[in-house]
Amino acid sequence: MHELLFTNVNLATMAPGDHAGSYGELRDAALAVSGGRISWIGPRSGAPAAQRVHDCGGMWMTPGLIDCHTHIVHAGNRSDEFESRLNGATYEDIARAGGGIMSTVRATRAASEDELLAQSLPRVAALLAEGVTTLEIKSGYGLDESTEAKMLRVARRVAATLPVNVATTFLGAHALPPEFAGRADDYIATVCDMIARTDADAVDVFCERIGFTPAQTRRVFEAARARALPVKLHAEQLSDQGGAALVAEFGGLSADHLEHLTPAGIAAMARAGTVAVLLPGAYYFLRDTTPPPIAALREAGVPMAVATDSNPGTSPMTSLLLAMNMACTLWRLTPQEALAGATVHAARALGRHNDIGTLEVGKRADLALWRIARPADLAYAIGFNPCQAVVNNGVLRAPMVSLSG
């Protein structure tokens with residue numbers, strides 16, 4: 001007998017070819033869970049017996065949402081810089097005053113592990129209230145080994161404190177710390193040494209004119225390969241550095257941002273199966289005017305994920321539903337592509353597509369229940385959260401989670 005049965009439910013399985021309809025729709029359905037896994041899917045009329053039955057009242061069920069690119073663990077915020085820019089200050093003015101990413105680095109270095117966790121949990125809880133069940137968390141605001149390790153420990157404590165599955169990413173090559181001013185190659189050597197000891201799930205680099213060069217990025221990727229760690233890349237956000245082709249050369253999980261992606265980069269990603277992670281929050285917040293080449297990515301068959309890029313400087317966003325809406329309104333993704341981008345393709349961007357991202361028998365029972373008329377509603381409404389219940393590894397919970405005790 002199955003442990004838990006969800007019945008009187010409409011399923012958006014997001015499993016290609018599994019059921020009719022672009023969302024993999026199965027209406028008037030049932031889904032059973034046992035041992036934290038999906039154990040049966042089918043029409044309600046053929047539902048099996050279960051120890052507990054949950055009548056969903058005709059709601060829609062999707063895979064739990066996956067935010068596959070965040071910098072959500074950090075201390076402090078940069079609303080003062082946001083206000084200063086709107087009052088006429090330039091980025092150079094702010095940098096000369098000690099602002100920018102180094103402001104967050106200083107705050108994160110100074111925060112204790114407990115303080116860093118306490119500041120990060122409310123941001124994560126906002127995502128969980130919208131049906132997020134898996135979250136990627138990057139380091140990158142330490143830029144020294146002790147603080148980078150502290151950030152990754154906090155990321156794992158997030159998963160131990162709240163009902164969410166966390167994938168950790170080492171982003172030591174995020175910016176050049178002041179103690180290495182003028183010595184970027186020396187810092188990259190230090191980053192490679194850190195990779196030899198990191199316990200992160202993946203490695204990322206910011207490859208950009210204001211970040212690190214393709215040659216320096218290659219050194220980091222080679223260090224990751226020596227540890228058999230998968231790689232991903234902040235690529236082509238501000239300029240074309242050939243980063244997408246480089247990460248594809250290494251069989252990378254994803255190339256992220258991609259506003260200045262070229263046809264050569266698209267072709268390389270398509271050959272390698274590297275996911276394009278779209279980050280509309282940063283595009284919106286920075287008032288960018290160069291969109292990623294969505295039509296070309298679509299034509300090439302490159303999977304497109306959607307994520308919040310939650311960070312204090314360029315995308316202080318903690319709503320994956322809003323990111324889905326932005327991807328549709330700003331870049332003309334379809335609602336189906338947006339939902340796929342926050343489920344099946346986001347799972348692939350984390351290398352976890354065999355375990356999560358679709359409603360299929362054998363996969364982890366990470367589910368979200370929505371009071372909506374159709375799946376497109378998830379990308380349609382602005383500022384509206386229709387999430388009614390969430391299931392994490394087979395455990396049913398309310399969308400909102402407590403941060404006390």
Side-chain angles (χ1 to χ4, degrees), residues 69-71 74 91-92 95 100-106 108-109 136-145 147-149 151-152 168-198 200 202-227 229-262 264-265 268-269 272 274 276-277 279 282 286 309 311-315:
H69 181 130
T70 86
H71 307 253
H74 62 266
Y91 283 103
E92 290 77 12
I101 187 174
M102 293 314 301
S103 172
T104 302
V105 170
R106 287 192 300 273
T108 302
R109 286 179 175 181
E136 187 247 22
I137 300 178
K138 302 179 190 292
S139 67
Y141 290 126
L143 310 184
D144 61 41
E145 187 160 12
T147 312
E148 293 289 301
M151 292 184 71
L152 294 172
T168 56
T169 297
F170 173 74
L171 182 58
H174 191 195
L176 187 66
E179 55 267 32
F180 281 88
R183 297 187 296 125
D185 284 336
D186 290 343
Y187 180 62
I188 288 297
T190 299
V191 167
C192 292
D193 287 341
M194 293 184 204
I195 290 172
R197 294 179 291 275
T198 189
V203 171
D204 195 354
V205 181
F206 182 41
C207 182
E208 190 54 73
R209 285 185 300 222
I210 63 171
F212 296 95
T213 68
Q216 291 163 343
T217 300
R218 180 179 292 276
R219 290 172 59 192
V220 174
F221 283 177
E222 288 170 348
R225 176 184 280 170
R227 285 284 317 279
L229 288 172
V231 296
K232 53 184 65 177
L233 189 65
H234 286 63
E236 273 74 277
Q237 179 185 10
L238 305 174
S239 63
D240 172 30
Q241 297 295 304
L246 178 59
V247 74
E249 177 188 334
F250 281 79
L253 294 173
S254 69
D256 305 30
H257 286 290
L258 302 176
E259 282 84 345
H260 295 268
L261 180 62
T262 65
M269 291 174 65
T274 298
V277 177
L279 305 171
L286 295 175
D309 190 19
N311 76 78
T314 62
S315 186

J.: Under the salt bridge (Lys or Arg N to Asp or Glu O under 4.0 Å) test, which residues partner Asp193, sequence neighbours left out?
T.: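 Counting only residues at least two positions away or on another chain, Asp193 forms no salt bridge (Lys or Arg N to Asp or Glu O under 4.0 Å).
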
J.: Identify, with sequence neighbours excluded, every residue that meets side-chain contact (heavy atoms from CB on, under 4.5 Å) alongside Arg227.
T.: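 Listed in chain order: Ile195, Thr198, Leu229.
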
J.: Show the nearest heavy-atom pair for residues Thr169 and Ala200, with the distance to one decimal.
T.: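 It is C-CB, 4.1 Å.
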
J.: Sequence neighbours excluded, which residues qualify as salt bridge (Lys or Arg N to Asp or Glu O under 4.0 Å) partners of Asp186?
T.: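 Listed in chain order: Arg183.
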
J.: Ala173 and Val220: which non-hydrogen atoms are nearest, and at how many Å?
T.: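 Minimum heavy-atom contact is CB-CG2, 4.4 Å.
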
J.: Can you check whether Gly142's main-chain N or O pairs, donor with acceptor, with Glu148's side chain at less than 3.5 Å?
T.: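 Answer holds: yes.
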
J.: Quick check: closest heavy atoms across Gln237 and Ala282, and the distance to 0.1 Å?
T.: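 Closest pair (atom of Gln237, atom of Ala282, distance): NE2-CB, 4.2 Å.
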
J.: Is there a side-chain contact (heavy atoms from CB on, under 4.5 Å) between Met151 and Leu171 once you walk through the steps?
T.: CA-CA 10 Å; Met151 292 184 71; Leu171 182 58; over 6 Å; no

J.: Rounded to the nearest 0.5 Å, what's the gap from CE on Met102 to OG1 on Thr108? Could you check?
T.: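 Between atom CE of Met102 and atom OG1 of Thr108 there are 10.0 Å.
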
J.: Determine the minimum heavy-atom distance between Ala184 and Leu176, stating which atoms define it.
T.: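 Looks like CA-CD1, 3.7 Å.
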
J.: Please list, chain by chain and in numerical order, all residues satisfying side-chain hydrogen bond (donor to acceptor under 3.5 Å, both in side chains) with Arg197, sequence neighbours excluded.
T.: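 Applying side-chain hydrogen bond (donor to acceptor under 3.5 Å, both in side chains) to Arg197 gives Glu145.
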
J.: Of all residues at least two apart in sequence or in a different chain, which pass the side-chain hydrogen bond (donor to acceptor under 3.5 Å, both in side chains) check with Thr190?
T.: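 Applying side-chain hydrogen bond (donor to acceptor under 3.5 Å, both in side chains) to Thr190 gives none.
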
J.: On a heavy-atom basis, which atom in Ala268 and which in Ala248 lie closest, and how many Å separate them?
T.: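 Smallest heavy-atom distance, with atoms named: O-CB, 3.5 Å.
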
J.: Looking at every heavy atom in both Ile101 and Ala175, which two are closest together, and how far apart are they?
T.: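 Where Ile101 meets Ala175 most closely, the heavy atoms are CD1-CB, 3.8 Å.
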
J.: Please check if the side chain of Gln216 supplies one atom and the backbone of Ile188 the other of a donor-acceptor pair under 3.5 Å.
T.: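 Side chain of Gln216 to backbone of Ile188, a donor-acceptor pair under 3.5 Å: no, none is there.
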
J.: Check salt bridge (Lys or Arg N to Asp or Glu O under 4.0 Å) between Lys138 and all other residues, then give those that pass, not counting sequence neighbours.
T.: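 Expected list: Glu136, Asp204.
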
J.: Would you check if Arg219 and Asp185 make a side-chain contact, meaning some heavy-atom pair closer than 4.5 Å?
T.: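 Heavy-atom side-chain distance check passes, below 4.5 Å.
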
J.: Donor-acceptor pair, His174 side chain versus Gly140 backbone, under 3.5 Å?
T.: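 Between the backbone of Gly140 and the side chain of His174 there is a qualifying donor-acceptor contact (under 3.5 Å).
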
J.: To the nearest 0.5 Å, what is the distance between OG1 on Thr70 and CG on Asn311?
T.: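 Spacing of OG1 (Thr70) from CG (Asn311) equals 9.0 Å.
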
J.: Sequence neighbours left out, what passes ring pair (Phe, Tyr, Trp, His ring centres under 6.0 Å) with Phe170? Give chain and number order.
T.: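 For Phe170, no residue satisfies ring pair (Phe, Tyr, Trp, His ring centres under 6.0 Å) once neighbours in sequence are set aside.
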
J.: Taking side-chain hydrogen bond (donor to acceptor under 3.5 Å, both in side chains) as the definition, give me every residue that meets it alongside Glu236, ordered by chain and number, with sequence neighbours left out.
T.: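 Applying side-chain hydrogen bond (donor to acceptor under 3.5 Å, both in side chains) to Glu236 gives none.
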
J.: Within a strict 4.5 Å, meaning less than it, do heavy atoms of the Leu246 and Arg218 side chains meet?
T.: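 In contact.
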
J.: Who passes side-chain contact (heavy atoms from CB on, under 4.5 Å) against Ala235, sequence neighbours left out?
T.: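 Result, side-chain contact (heavy atoms from CB on, under 4.5 Å) vs Ala235: Leu233, Ala255, Leu258.
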
J.: Just by distance, with hydrogens left out, do His234 and Asp256 show a side-chain donor and acceptor under 3.5 Å apart?
T.: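 Absent: no donor and acceptor within the cut-off.
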
J.: Taking atom CG of Leu286 and atom CG of Leu238, what is their separation to the nearest 0.5 Å?
T.: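 The distance works out to 8.0 Å.
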
J.: Residues in side-chain contact (heavy atoms from CB on, under 4.5 Å) with Ser103, at least two apart?
T.: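 Counting only residues at least two positions away or on another chain, Ser103 forms a side-chain contact (heavy atoms from CB on, under 4.5 Å) with Arg78, Glu81, Arg106.
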
J.: Quick one: pull up CG in Asp144 and CE in Met194 and give me the separation to the nearest 0.5 Å.
T.: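 Reported to 0.5 Å precision, the distance equals 6.5 Å.
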
J.: Going by heavy atoms in the side chains, are Phe221 and Val247 under 4.5 Å from each other?
T.: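 In contact.
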
J.: Is the side chain of Ser139 donor-acceptor paired with the backbone N or O of Leu152 at a distance under 3.5 Å, no angle test?
T.: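 No; zero donor-acceptor contacts below 3.5 Å.
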
J.: What verdict does the side-chain contact (heavy atoms from CB on, under 4.5 Å) test give for Met269 and Leu261, after you've listed the backbone C-alpha separation in whole Å, the side-chain angles of each residue and the deciding distance to 0.1 Å?
T.: CA-CA 10 Å; Met269 291 174 65; Leu261 180 62; 4.2 Å; yes

J.: Sequence neighbours excluded, which residues qualify as side-chain contact (heavy atoms from CB on, under 4.5 Å) partners of Pro177?
T.: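 Applying side-chain contact (heavy atoms from CB on, under 4.5 Å) to Pro177 gives Arg109, Leu143, Glu179, Phe180, Tyr187.
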
J.: Taking only residues two or more places apart in sequence, or in another chain, which ones meet Thr168 in a side-chain hydrogen bond (donor to acceptor under 3.5 Å, both in side chains)?
T.: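 Here the qualifying residues are Asp201.
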
